[in-house]
Structure formats: C-alpha cells, structure tokens
Amino acid sequence: MIPYIRHAAGFCLLLLLALLANAARVQVFEADELDSNSANRRTTIDRYDQPRGNILVGDEPVTGSKDTGQQLAYERTYRHGPLYAPVTGYASQTYGTSLLENAEDRVLSGTDPLLAPLPLWGDVTRSRQPGGNVVTTIEGPVQRAAYEGLDGRRGAVAALDPATGRILALVSTPSYDPEVISGTGTAVTDAWTRLNRAQSRPMLNRAIRQTYPPGSAFKIVTAAAALDAQVVTDPDAATDTPSPYVLPGTSTVLPDEARGCEEASLAEAIRVSCNTVMAHLGVEVGLDGMLEAVGRFGFNDNDLKIPSRVARSNFDSDMSDDQLAQSSIGQFDTAATPLQMAMVASAVANDGDLRRPHLVDRVTTDDGDTVRQQGSDSYHQAMNPTTAQQLRRMMVDVVEDGTGTNAAIDGVTVGGKTGTAQHGVDNSGTPYAWFIAWAQAPDSGRPAVAVAVVVEDAAADRADVSGGGNAAPIARAVMEAALDR
Amino acid sequence: MTATTADARPPELRLPKRRGVELSLLIGAVLISVYGYAAVGLARNDAVPPDVAGYGAGLGLLALLAHLAVRFRAPFADPLLLPIAVLLNGLGLVLIYRLDLETPSDRAATTQLIWSTLGVAFFIAVVVLLRDHRVLQRYAYLSVATALVLLIVPIFFPAVNGAKIWIRIGGLSFQPGEFAKILLAVFFAAYLAANRNALAYTGRRVWKLQFPTGRVLGPIVAIWLLSVGVLVLERDLGTSLLFFGLFVILLYVATGRIGWIAVGLLLAAAGAFVVGSFEPHVHSRVEDWLDPYATIDAGQGPSQLAQSLFAFAAGGMFGTGLGLGHSILIGFAAKSDFILATAGEELGLAGLTAIFLLYALLVARGFRAGLALRDPFGRLLSIGLASILALQVFVIAGGVMGLIPLTGMAMPFLAQGGSSVVTNWIIVALLIRVSDVSRTPDPGPDPDPATAAAAGDGPAGEAE
C-alpha cells in the first residue's frame, strides 16, 4: 500500500503546486492587464481615498473635501461655488472633472510626479502623495464685483492684468454650485440632468467657452490694423468714407447710428462708434492684413490654454470685400470669447505687448512648498507701441466724451470701447451688449487692469441694449475693485 | 518520508513527544494572528483595535485548551497539526474581521469565533473520548447512513444562492454536506480496508483492467452514485467533485490499481461535460470560467470571478497590506467562498504561498501519519482526511483564481462558515488521534510482528 500512498501524496502535492503556479500567473504575469481593466474599480477608489488638494484664491481655499464614509471616501466641496465655478469647474465622482479641476487634476489628486519628494520614487513605490494645491491668479474682490455686477443676467466678464497676463476675474452667469454634482447617487444624477437641461445653461463657461459677435468692440482691432498697416497715418485726419457706406461689390447700404460719421477721422469714428469708417478701413487694409492683425490678438488660435482650453475666436479667412467690411465692425462671422476681447483691451493697455493669459499662479505641495511657478510670458506683440499709444488716447476719449461715459472713474485714466452686437436670423435676437476697457491709477506708470464684459440680457427691451448702458457700469465696478488691490 | 520510516521500524524511531515544540508553535500562531488583527486596525484607523486583547486571549485560550487535551490524551501526536490549524483559523478570523469593517451591518468575525470555539470543543471531545480510531471501523454503515440522510435533508429546504445545501432552522443555518464528508471518509476507509483484497484480486479481467465482482463493488458504487446524485440535485458540484476525488484516491491507495484512476478520470470528464453542458447553474459557472470578462463586455459589470481576479492582481507580489485592499468589491461571498481573494490582495503572492504551504504541510502530515500506521483502516482514514483537505483547497482556490470552474466551497479554516470550521477541527482531531497511534512506541516486547505486518503491505507483497 505504501507506494500507492506516496503516489496519492504526490498527486495532492501536484494540486497545490498547480495552485501556486496559477497564483503567480494571476498576481504577477496578468496583474497589469487586470489592474487596468476598465471594470476594475480600484483605481477609482484609490483616487478618492484621500482628500483632494485645494484651489486657492489669494490665501483662501475655494474648495474643500469631506469624508463621506462611502466606498469613494472623499467628496469635493466648494465655498462660494457659483462665484468660482467658471474658474474651478467641477470634480465629480460621477461625471469626472472640468476646467481647473481637470487641467490640474494630477496635482490635486496627488499623482503628479512634481509632488513626490524624490523623482521617480512614486513610480517605484506606487504610493501617492497628498493632493497638492493650485493657487489661482484670481483676485477675490474683482471676481465678486464682476459677479455682483452681472447680477444673474446672462453674461460673462474676463479681467486681466495687462502687464503680466494674470487673469483677475473670470465670471459666467447664471452659474451653478459644483458641489451638487460632487458625489454619486440619484441626487447627483438628477442635479446633473437639471443643470444640463436648464435653458440658461448654467454650466456653460461663457467667459472662455462661448463666442459672441463682438460688434463695435472689435473696431479697436480694426483700428490697430489700419494704423499698423499705415492705411491711417494721422488718427485725427479726415477719412474719405461716405455715410452711409455702400458695401463694395453690392448695393447693400451700411448705415451709421451715430451722427457725424461722414468722412470722420479714425479717432472720431472710435469715439462715437462709426460703422462706415471702420468697415471702409477694414477693406482698405485688406483680408491678408486684417488676418495678420487679428491673429496677433489671438483670433483663429485653436490652442490657447489658460490652462483650460479657450474656445477659438473666429475671423473668417476667406471672404469677399463686403463680408470683410462687415467683419471689420465685428459682425458677419466674427466671433470672440469675452477673454479674447479682454486680451484686446490688455494689448492696447500694455503698449501692444499682449501677455499670455493664465489662471494658475503657482502649484504647491500640501505643505505649501511651491513646486511650480507660472511666470509672465509674452503671447504676441499685437501692434506697434505707437499704435497702442494712439489707441489708448482714442479709448480714453470714448469714456470721457463718447459712448462709454458710464465707465468713467473719478481721478483714474480709463479707456474703453462699447459694442452692441446684432445676432440671430436677420439680426432678430436681442443684441449683446459689450464693453471692453482698461484703467490706470494716476500714480501708476501703467494700467492695472483690462476687462471685457458681455451681457446677453435676453429680458431687456431691444432698444435699451447697448454696451454703454448695460455693460460699462459692470466694467467700471470690476476696474474699481482691481484698482483697490 | 523515507522508505525506512515505515517499512522497517528501527528502535531509534521511538519518537520524542514534542509537546513543547507544539506549545511554542502555538504561541507563535496566536501571536501572528494577534499581530494581523492589530495590523488591520492600524491600517484602517491608525489605532490598535480595542478588543485585540480579548481576541488574542480568546484564540490563545482555545489553543491552550486544545494543546492540553493533546498533551494528556494524545501525547505522541504530530506537533505540527494543531499549530497549523490554529494559525489558519486565526488568520481566517483576521480576514473576516477585516472584511467586517466594510460591512457595518454584518459582524461575521464574532460569529466565526463562536463557531471556532465550538470546533475546538469538538476537537477536544474527539481527542479525549476517542481513544482508538479503530473503533470507528465498527460504525461504517451507521456513518454512511447518517451521511446520506445529511445529504438528502437539504433538498427539502429552499435553495440559497442557487444551491440547495443548507438547512435553516430558526436563525441557525448549517451545511450538512460538510459533516457528511467525514462520515463518508470513515465509511470508504472501513469498507475498502475490509474488501481491498477482493477488489484487487477477484473478478474478471477485461483487456488490461481487472474488474472486481459486482458483489464487492456494488455497495460502494451504489453509495457513491447516490451521494453524487444527491449533490447534482442540490447543485453543489464542489462537494460532488470532492467526494469523487476522495473515492478514487482511496480506491487507488487500497487496491493499487492504476486502472481506477483511468476509470475515475474518464467518469469525471464525462460527468463534468454532461453536467457542465446541461445544468444551467453549473453551465453559467463554466461560461464564467471560460470568459470571466464576458459580463464586462456585455455592459453588466464584472462577474464575481472577474472581481476576484482583480483582487488577486491588485495584491501583486507583496500585497497591499492587511486592511488596505478592496476585495469587498467581490460582494456577498467575499467572506466565505472568496476569502482567499482577500488574502491574495492584502498579503500578496508571498502571503498566498505561505498559506498554500501551510495546507501542504497539513496534508503531508496527514499522509505521513497514514504511512506510519499499521492498520489499513487507519491508513485509509488518515489519507482520506488529508485528501479531503487537499482536494477542497484545490477546488475552491482553483475556482476563485480561474484555474477551474468555480464551485462554492469553503477554504478550510479560513472561510466564514460554522459547519466548515467545526468539520475541519474534527478532521484535525482525527488526524491527531491517528498520528498519536502511529507515533506511539510499540508497547510489546517484540516489535517484529508489527513491523512484519507493516512490511507485508509493502510493494513486494502487492506487486502485480
């Protein structure tokens, strides 16, 4: 019997060896494939098992984390959620991330190698660092002034520091509280559905993701193109533009709403916002010249990131002269984000040197040690410095004695430009009210802030909608807040 | 396990009792378990669990009582058996406690500790009351009758998760099939011990196979068919496979006929194919085994088997550490059938290897006790019991790791389950008893007859 017992024992040993070999197969050789299976929840669980790093405005976190005791432990919380939603975006266990929460996710979730004390060490240990913090360039009071100025109307504000490109305010209204979609469950999915179905589209970031026809505010760009191309050499000299102006190659007549535009000078055309003069100048600059000029301001750039992607502002590259004429006054297919128009004001304010707009000042570890600092970076020389000087004077005239008097601030040099953009089929929609501006304190050598405001204001009586009436007061409040900092 | 150990018993084989070794190993086993328990608490709450002292004292007391029973009633018993059982049981309690943290409404570790206490009580009772395992031979037919009743009764109770293997009375539930496997091992051992010569040497020879007469083979096949038939009706293929393997191994050991293995494998293959093809519950298990990720591709989320494989993979070489894995994702059977996945995830391949080696050692010690015995019944019984352990570990571990189709069974000592823990303690008690007999120095003045008897079973006597 003994040899048979040995055989049986050998058989049992073989079974256990098969188990060991199989364990090695699963745990060593197939482990990577199994770990990365999309149905494996471990990655998700690990992601939420520590508090997420915070997004800061100044020294104050505008985000937080709470331990829910659920399988996905930590949920995102927001302080002043609707105010900062266009900056932070959302971080949802159900719907992923957006905006800064998305762009800086590796830092916030602690997986960014920058946060590891030793390079590559994290790769070896597979351990994660505590989430790092993202310090924004946003100024709380400026953001608040913009948000309160819009007062729930549909619209957006973007404010920049012209000298650095720091984004001081980024507001879109109506807004939403990202906290309602942080977690999981039916309350979250219901909130998501409600937010996405709402007519007012509260989750749309109008400041960087929505483009509007810029209307007359675009005339600053056309003026810069005309001066740089030396189509106009003396802004105060009369032009040979009739009013009304017949669009080239058509019988369509372009009227002026302002008086005194017949053969008006460039400066006068900016001050009272003459359509005819600017349309004519655009045609004289020509399509190639205009395209070159708008490109230097950031139009037709698909890759602008702040670090979230900014929607492309458009100026058509293939147009007839009559279309070019309309485009030169911010109509036809011309479309710009509020951030793009703030960049236009910023370029004028900063002697034509357009700084790259950015929203993140620095990234720190959870202890507050800075691991990445965003410097100021030139984006384009948008125009000659002399052109910028001339445009500054013209924009000051707009505020002192033109369409933008509502933006004037006592004792402060303010330059601005109004816009009232037609849109919709046969221009049937309620026009968008625009105002772009910059402001310089008297004791300062350079402007402190550039701003763009757009108010969709669907509820307003069409005749009352104007950049000067609706948008300029908001811009003034934003500039006042920025000057106080 | 050298040839000299069993074939000829030289006088120097008067083995020392080794009870001190057993006690030291037991202390180690308890300390490892307590350490695991504390590690779970430290990993989860940065604090040693408040009841760690009570838990350690409880497990330590059980180990001590079992040790005292062995020391006074089975002084020559193998010193490794009890510490391995205590370590596996302690480790199981740690793993269940760890999973309890994820399921606040279900505190299974406490229940398991109560069942473990009952198991140790049975262990002590067997060691104390059963002075000689050969007594069991007398109850062979009573055993088989009881086993069949136990196997049939659950048919009249509702199915739980697809298998009718449970008896529920009041709040208590237990799996009678667990106890039946000991009783069947006793029966097979007794019957084969009595009839092995008839099985091996009588009957007709067809081609190369020697078939025993129907009179001899009939009862055993009938009982085996009945038990397997009942199990197919209850849809518990794991236990069915276990009984089948036990039957074939014992038949081979008793008769030495390689043909039995061939017939056994053929029958197993045919049975597996038929049942796997036609029985829906089993069929779905086979499909899961063939493609564990089919439900993922179908958008229904991962199957239990896929979740189990994810858990093993997450453990990798050294594991996530106790308390830091997510094997609770496996769902309702995480503490029972799938307990090994938690071990795999949190202790890694290293820990899993240690656990498999503990089982291998337990099985090897069972075989060794059988080898050293002189009576055929004792031999077959200890080999049957050791084989039960080995087969059960293979069937369930192979199932949860995707080596073979999944069948619901309990990992001996590790898994949550009262009947299972109690049964395994009885198995270890019987192995202790048998090993005590096998290691007890021969009392008679002349050891030669016994040696001769043992040598008589050797290869020379039975060679074809």
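Every chain is numbered from 1, with letters handed out A, B, ... down the list of sequences.
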CG of B:L309 to CD of A:E30: how many Å apart, nearest 0.5 Å?
8.0 Å
Atom group of A:A21 that falls short of 4.5 Å from chain B, counting heavy atoms
neither
Taking atom CG of A:L16 and atom CG of B:L389, what is their separation to the nearest 0.5 Å?
10.0 Å
Check each atom of A:F29 against the heavy atoms of chain B and say whether the ones under 4.5 Å are side chain, backbone, both or neither.
neither
Report which part of B:Q307 has an atom under 4.5 Å of a heavy atom belonging to chain A: side chain, backbone, both, or neither.
both
Closest-packed option against chain A by number of heavy-atom pairs under 4.5 Å, given B:I328, B:L380, B:L349, B:V393:
B:L349
Keeping A:N37 on the side-chain end and B:F310 on the backbone end, is there a donor-acceptor pair under 3.5 Å?
no
Can you tell me how far CD1 of B:I258 sits from OH of A:Y4, rounded to the nearest 0.5 angstrom?
9.0 Å
Please report the interatomic distance CZ(B:F367) to CD1(A:I5), rounded to the nearest 0.5 Å.
8.0 Å
I need the residue from B:L250, B:V363, B:L329 with the largest number of non-hydrogen atom pairs under 4.5 Å to chain A.
B:L329
Taking all non-hydrogen atoms of both residues into account, name the closest pair between B:G398 and A:L19 and its distance.
N-CD2, 3.4 Å
For B:I296, is it the side chain, the backbone, both, or neither that has a heavy atom closer than 4.5 Å to a heavy atom of chain A?
side chain
More than 12 heavy atoms of other groups within 6.0 Å of A:E60 CD
yes
Identify the heavy atoms of A:R25 and B:M401 that sit nearest to each other, and give their distance.
NH2-O, 3.4 Å
For the pair A:Q27 (side chain) and B:M317 (backbone), establish whether a donor and an acceptor sit closer than 3.5 Å, ignoring hydrogens and angles.
no
As an exercise, state the distance from OH of B:Y359 to CG of A:L15, rounded to the nearest 0.5 Å.
14.5 Å
I'd like to know whether CZ of B:R44 has more than 12 heavy-atom contacts from other residues, nucleotides or ligands below 6.0 angstrom.
yes
Can you see which heavy atom on A:A23 is nearest to which on B:L352, and at what distance?
CB-CD2, 3.9 Å
Check this for me: A:D59, atom CG, are more than 12 non-hydrogen atoms of other residues, nucleotides or ligands nearer than 6.0 Å?
no
A:Q71 versus chain B, heavy atoms under 4.5 Å apart: side chain, backbone, both or neither?
side chain
Value rounded to 0.5 Å, distance of CG in B:L324 from CG in A:D49
9.0 Å
Under 4.5 Å heavy-atom distance to chain A, tell me which part of B:A306 shows up: side chain, backbone, both or neither.
neither
With the side chain counted from C-beta on, respond yes when B:Y293 and A:L34 share a heavy-atom pair under 4.5 Å apart, and no when they do not.
yes
Heavy-atom cut-off 4.5 Å, strictly under: side chain, backbone, both or neither for A:V28 against chain B?
side chain
Picking from B:F312, B:F394, B:F356, which has the most non-hydrogen pairs under 4.5 angstrom with chain A?
B:F394
